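Shown next, in structure tokens, is the structure this report addresses.
Order of the sequence lines fixes the chain letters, A, B, ..., with proteins taken first and strands second; residue numbering starts at 1 for each chain. Note that the structure is a prediction, hence the values are computed from the model and not measured.
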Amino acid sequence: MKIATWNVNSLKVRLPQVTEWLQSAQPDVLVLQEIKLVSEAFPVDAFAELGYHALASGQKTYNGVANIARASMHDVITDIPGLDDPQRRVLATTINGIRVVNLYVPNGQSVGSDKYAYKLGWLAALRDWLAAELAQHERLVVLGDFNIAPEDRDVYDPDKWGDDVLCSPAERAALGELTALGLVDVFREFDQPEAAYSWWDYRAAGFRRNAGLRIDLILASSALAPYCNASYVDREPRSWERPSDHTPVIAEFRV
DNA sequence: ATGGTGGTCCAACCA
């Protein structure tokens, strides 16, 4: 199973790029974030033409997630239990016996802001829910835009970023609580190029300078992680005309 | 030290 995550920053704008990438990369599963569409407006037909099933949990203007898969999907969850949240940031589906949890973690704006508090509360509720999901699904992958750079080596200039949002100790501790459940950041299970990132700010020519962060992650349960063959970033779509500010991250499992 | 860009949708918010 080849599985990928991509924050597309508007599927209306990026649909041609997503279909182009699907045809060249041929993943079995692709999960999208920031589709910025209501669920009813999701272009199911465009994916059906390419042989993919699609499910979306969207809203107007902001957020929104979708799962696209060769196989059919079932046991759909769109909300973290116990968290009353109108923002569409979660889509869990079971695909060929693998539990796939697609996340668009809140950005958090700045340390100490209301949005930062929302992010930390969201991550605490996520942790409890994932513990329950792991108890039910031995083979589970949780992937998406985490809006957290796990370590300084995931940041182009850690001294400049310091403890700012996306890198703050509390956010990294919240991510640590997820890995403490047995979830493995599979990207770090393999040799990687120096300065491998998944997001580059549109501003200040971030991509040209490789001034990026690795904030798009693929975590696999301890039962599934040993079956991971490879994990890597595909920088190419970030170099295309009118790109998303994120690029796809991929993991391949021999299951 | 500040502001830069881009998406949504046309003023202001979000990232």
Side-chain angles (χ1 to χ4, degrees), chain A residues 5-21 30-43 46 56-66 83-91 102-123 126 143-150 154-168 170-172 174-175 197-217 233 235-249:
Chain A
T5 177
W6 193 5
N7 178 324
V8 292
N9 186 22
S10 166
L11 190 59
K12 267 181 199 143
V13 171
R14 234 69 67 188
L15 180 61
Q17 297 189 16
V18 174
T19 54
E20 173 72 25
W21 189 80
L30 170 63
V31 304
L32 305 176
Q33 302 85 35
E34 285 204 89
I35 61 172
K36 298 187 175 179
L37 291 171
V38 294
S39 303
E40 300 71 40
F42 190 85
S57 178
Q59 67 182 92
K60 187 173 150 64
T61 308
Y62 300 119
N63 310 312
V65 286
L83 188 73
D84 184 21
D85 186 4
Q87 301 189 28
R88 303 293 80 200
R89 298 179 173 279
V90 170
L91 185 56
N102 175 11
L103 300 180
Y104 176 44
V105 176
N107 172 281
Q109 190 185 46
S110 58
V111 174
S113 67
D114 289 349
K115 292 195 181 79
Y116 183 76
Y118 162 65
K119 180 179 196 173
L120 294 181
W122 196 96
L123 287 164
L126 172 69
L143 73 171
D145 178 358
F146 281 70
N147 269 316
I148 302 171
D154 300 309
V155 180
Y156 73 98
D157 187 346
D159 292 332
K160 180 176 192 279
W161 271 84
D163 291 344
D164 284 356
V165 75
L166 312 186
C167 298
S168 74
E171 291 165 86
R172 286 177 170 172
L175 182 61
Y197 307 126
S198 65
W199 169 85
W200 298 262
D201 202 315
Y202 285 124
R203 296 166 289 189
F207 185 64
R208 183 181 57 70
R209 299 185 294 120
N210 195 31
L213 302 178
R214 189 176 69 95
I215 55 176
D216 299 272
L217 310 179
V233 171
R235 291 169 53 100
E236 198 195 317
R238 188 61 177 79
S239 72
W240 292 345
E241 199 161 333
R242 207 178 178 193
S244 168
D245 45 352
H246 296 250
T247 210
V249 179

From the set B:dA15, B:dT8, B:dC9, return the single nucleotide nearest to any side-chain atom of A:Asn107.
B:dA15
CD of A:Gln59 versus P of B:dC13: gap in Å, rounded?
17 Å
Please say which of A:Tyr197, A:Tyr156, A:Trp200 ends up in a side-chain hydrogen bond (donor to acceptor under 3.5 Å, both in side chains) with A:Asn210.
A:Trp200
Test side-chain hydrogen bond (donor to acceptor under 3.5 Å, both in side chains), reference A:Gln33, set A:Asn63, A:Asp145, A:Thr5, output is A:Thr5
Separation of atom CG in A:Asp145 from atom C1' in B:dA15, rounded to whole Å:
10 Å
Separation of B:dG7 C1' from A:Asn7 CG (nearest whole Å)
11 Å
Whole-angstrom distance between B:dC10 and B:dC14, as gauged at atom C1'
16 Å
Check: A:Asp245 main-chain N/O paired with A:Arg238 side-chain donor or acceptor under 3.5 Å:
yes
Could you tell me which nucleotide pairs with B:dT8 by Watson-Crick or G-U wobble geometry, both distances under 3.5 Å, or answer none if nothing does?
B:dA12
Which value, in whole Å, describes the distance between the C1' atoms of nucleotides B:dA11 and B:dG7?
14 Å
Quickly work out the A:Tyr202 OH to B:dA15 P distance and round it to whole Å.
14 Å
When the distance from CZ of A:Arg238 to P of B:dG6 is rounded to whole Å, what number comes out?
9 Å
Side chain of A:Tyr62 only, heavy atoms from C-beta on: which candidate in B:dA15, B:dC13, B:dC9 is closest?
B:dC13
Can a side chain N or O of A:Ser10 be found less than 4.0 Å away from OP1 or OP2 on B:dG6?
no
Answer yes or no: is there a donor N or O on one side and an acceptor on the other, between the side chain of A:Lys119 and the main chain of A:Asn147, under 3.5 Å?
yes
In whole Å, what separates the C1' atom of B:dA15 from that of B:dG3?
15 Å
A:Arg242 side chain near B:dG7 phosphate (N/O to OP1/OP2, under 4.0 Å)
yes
Under a 3.5 Å cut-off for both contacts, is B:dT2 paired Watson-Crick or G-U wobble with anything, and if yes, with which nucleotide?
none
Any base atoms under 4.0 Å from A:Tyr104, or only sugar-phosphate, or nothing? Heavy atoms, all strands.
sugar-phosphate
To the nearest Å, how far apart are A:Asn63 CG and B:dC14 P?
10 Å
For the backbone of A:Ala149 and the side chain of A:Arg214, can you confirm whether one donor and one acceptor N or O come within less than 3.5 Å of each other?
no
At less than 4.0 Å, is any side-chain N or O atom of A:Lys36 found next to OP1 or OP2 of B:dC14? Yes or no.
no
Nearest heavy atom decides the nucleotide; on that basis, is A:Arg203 or A:His246 closer to the 5' end of DNA chain B?
A:Arg203
Whole-Å C1' distance, B:dC9 and B:dC13:
11 Å
I'd like to know if the side chain of A:Ser244 and the backbone of A:Asn7 have a donor-acceptor N/O pair within less than 3.5 Å.
yes
Protein-nucleotide distance (A:Gln87, atom CD; B:dT8, atom P), rounded to Å
17 Å
Taking for each residue the nucleotide of DNA chain B with the nearest heavy atom, is it A:Lys12 or A:Lys160 whose nucleotide lies nearer the 5' end?
A:Lys160
From B:dC9, B:dC14, B:dG7, nucleotide with atom closest to A:Lys115 side chain:
B:dC14
How many whole angstroms separate atom CG of A:Asp245 from atom C1' of B:dC14?
11 Å
